[in-house]
Engineer: 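This is the structure I have questions about; it appears just below.
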Amino acid sequence: MATNQVQSIKDSLKNKIWPAEDVVFKEFHTKEKYIEALYIKTISDETIIQDKLLKPFFEILSPDLFLDYLQSSPLVIPFESEQKTLDEVIKGTAILFYQNAIYLFDSKVDRNNSVLDTTVETTIQGPQSGFSESLPTNLGLIRKRYPQTSLNVESTTVGTVSKTDVMILHDTRRADTDTLTRIKQFLASIDVHMFQTGEQLLDIIKKSNRALVPVMLVTERPDRVAVNLAAGKIIILVSGSPFAVVLPTVMKDFMSSMEDIYQTYWVTKFLQILRYIGFLTSLVLPGIYVAVTSYNPELFRVQLALSIAGSRMSVPYPSFIEVLLMLFMMEMLTEASIRLPKAIGPTATTVGGLILGQAATEAGLVSNIMIIITSSVAISNFVIPINAFSFTLRIMKYFVLALGTLFGLVGVVLGFFILIAYMVKLDSFGEPFLTLIQSKPRKE
Amino acid sequence: MNRYYFYLVLLNMLINVIIFVPKILIDYRYEGAVMGILMAIPIGITLNYFYSKAITKFPEQGLPEILANSKHRWLKMIHFGSIQIIWFSAGLITLVGFIDILSRFVNPEMPKLSLLAIYLAAIFLIIQLPTERVMYFLEIVLFLNIPLIGFIIFKAFTNEYLSWDSMLEVGTHLFERPSLKSIAAATYCFSGYANLIIFNRVIKGKLKIWNFIVIFFIGVLNLFTTFFIPIGFHGSDGAQEYLYPWISTADSLRLTYSPIERVIFLFLMFYMSITLMSVSVHWHVAFELLKGTFKEKVSMKKNWLVLAFFGGCSIVGVIFLNSLILHKLTIYWMMFRLGFEIILVGSFFFWARRRAA
């Protein structure tokens, strides 16, 4: 490269990078040679620069030998273009100007690389640690659990402002190539300013950016990722997020916990059935209550119908208002206990659960049976192992409730099946989201 | 055993309760219904066999794809048009009949049109799905409902008030000359195969002989249950008093220990989804054929036009058809359908043979 060309690139780089407090541009001299380095010290690891760059620079006296050292160091990447160089600098790479050539010296600092405990998808047995917030560490965790040479890792960036590093992992022998190309196209087509975590993809996948049911699984467990890799799924890792995205995802994945592998067969089957029953209960119970009390009290046997009616005796308004009131309080309680600091978290549950529930019935605002229904809806809602899906379920029950209020029993049954039909309609990168017998889609 | 084919036939067998088949059969119980049922079984199986054989020569193709580059455009339009009318009216009768049942037994105070509105909303969502998705949904619905219907049938057969003598009495009228109406009604149970016109898209490979043997046994059991259980419950003379014999039968059943004591509610809840599915499957066929009639891709606007037409027809149907007129209409529709089906199967079988040769 000609001297003036290097000089002009150097000048334009210096112009483009704002001389902020942490931008370092420094020259180092020995008798025989000199080198210039440009980096941002807050995101560069200065010990790497010290050990791998400055020490050899002062120890190797001959300029040619030091050039050889630079060119053969695994940390050094040759210069490609000005734009790429700029992109690298703001991620922590140091730029070196030495003997009319430009080198990129990888000195990125790897922060937040401590492995976190699982907090969202906890299991009783099995591995207990999740991902960290550092991309290389996460990749290392997966590689350690999935020691296969066929594991392929590709890298790209997403986000026009955030320029977040994103890695796509798949097992070349097992993953479907069509799905892989679809996912790559999808990632390339994303137009978003700030990309912080994989969960953002849940909405971006829809053209309207408004999704109800998630069609990708976001997990914090390396063991789940490894199991899914072996099943031919494709994993997306996002820099700075302790969650990995698993694609394509079907409803069965949302209903499975990692514990299913760590338990005995019949226990697993029992737990799975329990989850589906929980799903059903949480979805239709409020709707059924309204339909039965307001439209068809004769549905239940007479003793039960009477005890429901008796319990509602002091309630001064129609059943759907009662249900809405209680569900509303319950949602508030759930939200509050997420937002509250851990230390006062139990207070919310005590105040809400015990005092509010007890007082509301005694004041005759809601019936006793309604309290039971609300709490069973809330409990069964959180039986769903994957959080994103359990939140979806929280919304879906209002749809069934609305139809149940308007149309009675017919509304509840049809509302349930409309939701099922909607989920059957969805697909996740070519794989149908909900089928009874989950099999690979037909090749078209 | 191809499960998708089985589902289609099974769906029609289940829905016959709504579309007046038991009523028609019980009306003719002394005038040849028994013989009619016995004759309907071979007729139904034969039609099943020939049509499935013919259409599985074109694996994973529906009729629009098979006839995509046919030169006789007018012939194709008439062909498609007539099938559409039959399929659409099948769905319409089921829908109007069931709305009537709902307003009679579940929501007597609610206007029928608002019951129709929610049904149409669900149906329109389903018929616009791709064919394989409709099939997946049908599978889920049947999976959720089959245990329930099995339980109800088990309860019916083991009920102590079931009078086997009444059934035997009707059985002695075996050698009456069968009436065409009863044959037509009984063959409806087997005519689920005709949905293969579109649903052949999801069927891979040839259908084995096992399919037809299973359908034979299920069909016999189904017709026996449909016809004889209401007679057993209400007596050989009493059974004709009811417009919907099966629903009254379900109302005579009682679950002693269950929180839901009256079986009629279980039964109706089960039929809410089965009706939804049956209408959706029939209308999906009509809808897809309509789309296949046009060469170019159907625009959103045209799509909505068709759906608006479907919706309009059902609104008119619900307003103007009361259950008695609907019942009479269904009898003639059944006979027309049987004739049409025989012509359809015959012509398609020979056409397919010539085409394949």
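Side chains are part of it too, since the values below use all heavy atoms of this structure and drop only hydrogens, waters and symmetry mates. Below, chain A is the first sequence line, B the second, and so on; all start at residue 1.
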Engineer: Hey, is the main chain of Gly408(A) close enough, under 3.5 Å, to the side chain of Asn107(B) for a donor-acceptor pair?
Structural biologist: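 Not at all, since once roles are kept as given, no pair shorter than 3.5 Å links the two residues.
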Engineer: Can you tell me if CZ on Phe328(A) sees more than 12 non-hydrogen neighbours from other groups inside 6.0 Å?
Structural biologist: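 12 or below, so no.
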Engineer: Measure the spacing between CD1 of Ile126(B) and CD1 of Ile418(A) and express it to the nearest 0.5 Å.
Structural biologist: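 With rounding to 0.5 Å, CD1 (Ile126(B)) is 7.5 Å from CD1 (Ile418(A)).
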Engineer: So with a 6.0 Å cut-off around OH of Tyr276(A), is the heavy-atom count from everything else above 12?
Structural biologist: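 Yes.
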Engineer: Of the backbone (N, CA, C, O) and the side chain (C-beta and beyond), which part of Leu144(B) lies under 4.5 Å from a heavy atom of chain A, both, or neither?
Structural biologist: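 Contact with chain A involves the side chain of Leu144(B) alone.
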Engineer: Which pair of heavy atoms, one from Lys425(A) and one from Leu129(B), lies closest together, and at what distance?
Structural biologist: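 What the structure gives for the nearest pair is CG-CD2, 3.2 Å.
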Engineer: Which one of Ile420(A), Leu414(A), Leu304(A) has the most heavy-atom pairs closer than 4.5 Å to chain B?
Structural biologist: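 Top count of heavy-atom pairs under 4.5 Å with chain B: Leu414(A).
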Engineer: Please look at Tyr257(B) and chain A and tell me whether the side chain, the backbone, both or neither of the residue comes under 4.5 angstrom of a heavy atom of that chain.
Structural biologist: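 The answer is the backbone of Tyr257(B).
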Engineer: Can you run down the salt bridge (charged side-chain N to carboxylate O under 4.0 Å, His left out) pairs that involve residues 308-324 of chain A, sequence neighbours left out, and say none if there aren't any?
Structural biologist: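 Listed once each, the pairs are Arg312(A)-Glu322(A).
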Engineer: Take a 6.0 Å sphere around OH of Tyr161(B) and say whether it holds more than 12 heavy atoms from other residues, nucleotides or ligands.
Structural biologist: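 It does not: Tyr161(B) OH has 12 such atoms or fewer within range.
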Engineer: Got a second to check how far Phe407(A)'s CZ is from Leu115(B)'s CG, nearest 0.5 Å?
Structural biologist: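 Taking CZ in Phe407(A) and CG in Leu115(B), the distance rounds to 8.0 Å.
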Engineer: Nearest heavy-atom pair of Phe417(A) and Phe137(B): which atoms, and what distance?
Structural biologist: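 Shortest heavy-atom contact: O-CZ, 3.4 Å.
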Engineer: Side chain, backbone, both or neither: which part of Leu406(A) has a non-hydrogen atom closer than 4.5 Å to chain B?
Structural biologist: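 It is the backbone, since no side chain atom gets that close.
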Engineer: Can you name the residues of residues 278-301 of chain A that have some heavy atom under 4.5 Å away from a heavy atom in chain B?
Structural biologist: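 Those residues of residues 278-301 of chain A which have a heavy atom under 4.5 Å from chain B are Tyr295(A), Asn296(A), Glu298(A), Leu299(A), Phe300(A), Arg301(A).
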Engineer: Nearest 0.5 Å please: distance from the CG atom of Leu409(A) over to the CG atom of Leu102(B).
Structural biologist: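 Rounded to the nearest 0.5 Å, the CG-CG separation comes out at 9.5 Å.
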Engineer: May I ask you to decide if Ala421(A)'s main-chain N or O and Arg133(B)'s side chain share a donor-acceptor pair within less than 3.5 Å?
Structural biologist: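 Side chain of Arg133(B) to backbone of Ala421(A), a donor-acceptor pair under 3.5 Å: no, none is there.
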Engineer: Among residues at least two apart in sequence or on other chains, which ones pass side chain to side chain donor-acceptor pair (under 3.5 Å) with Tyr7(B)?
Structural biologist: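 Partners of Tyr7(B) under the side chain to side chain donor-acceptor pair (under 3.5 Å) test: Glu139(B).
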Engineer: Is there any residue in residues 270-285 of chain B with a non-hydrogen atom under 4.5 Å from a non-hydrogen atom of chain A, and which ones are they?
Structural biologist: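 The list, in residue order, reads Met272(B), Ser273(B), Leu276(B).
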Engineer: Please check if atom CD in Glu109(B) has more than 12 non-hydrogen atoms from other residues, nucleotides or ligands closer than 6.0 Å.
Structural biologist: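 Counting neighbours around CD of Glu109(B), 12 or fewer heavy atoms of other residues, nucleotides or ligands fall under 6.0 Å, so no.
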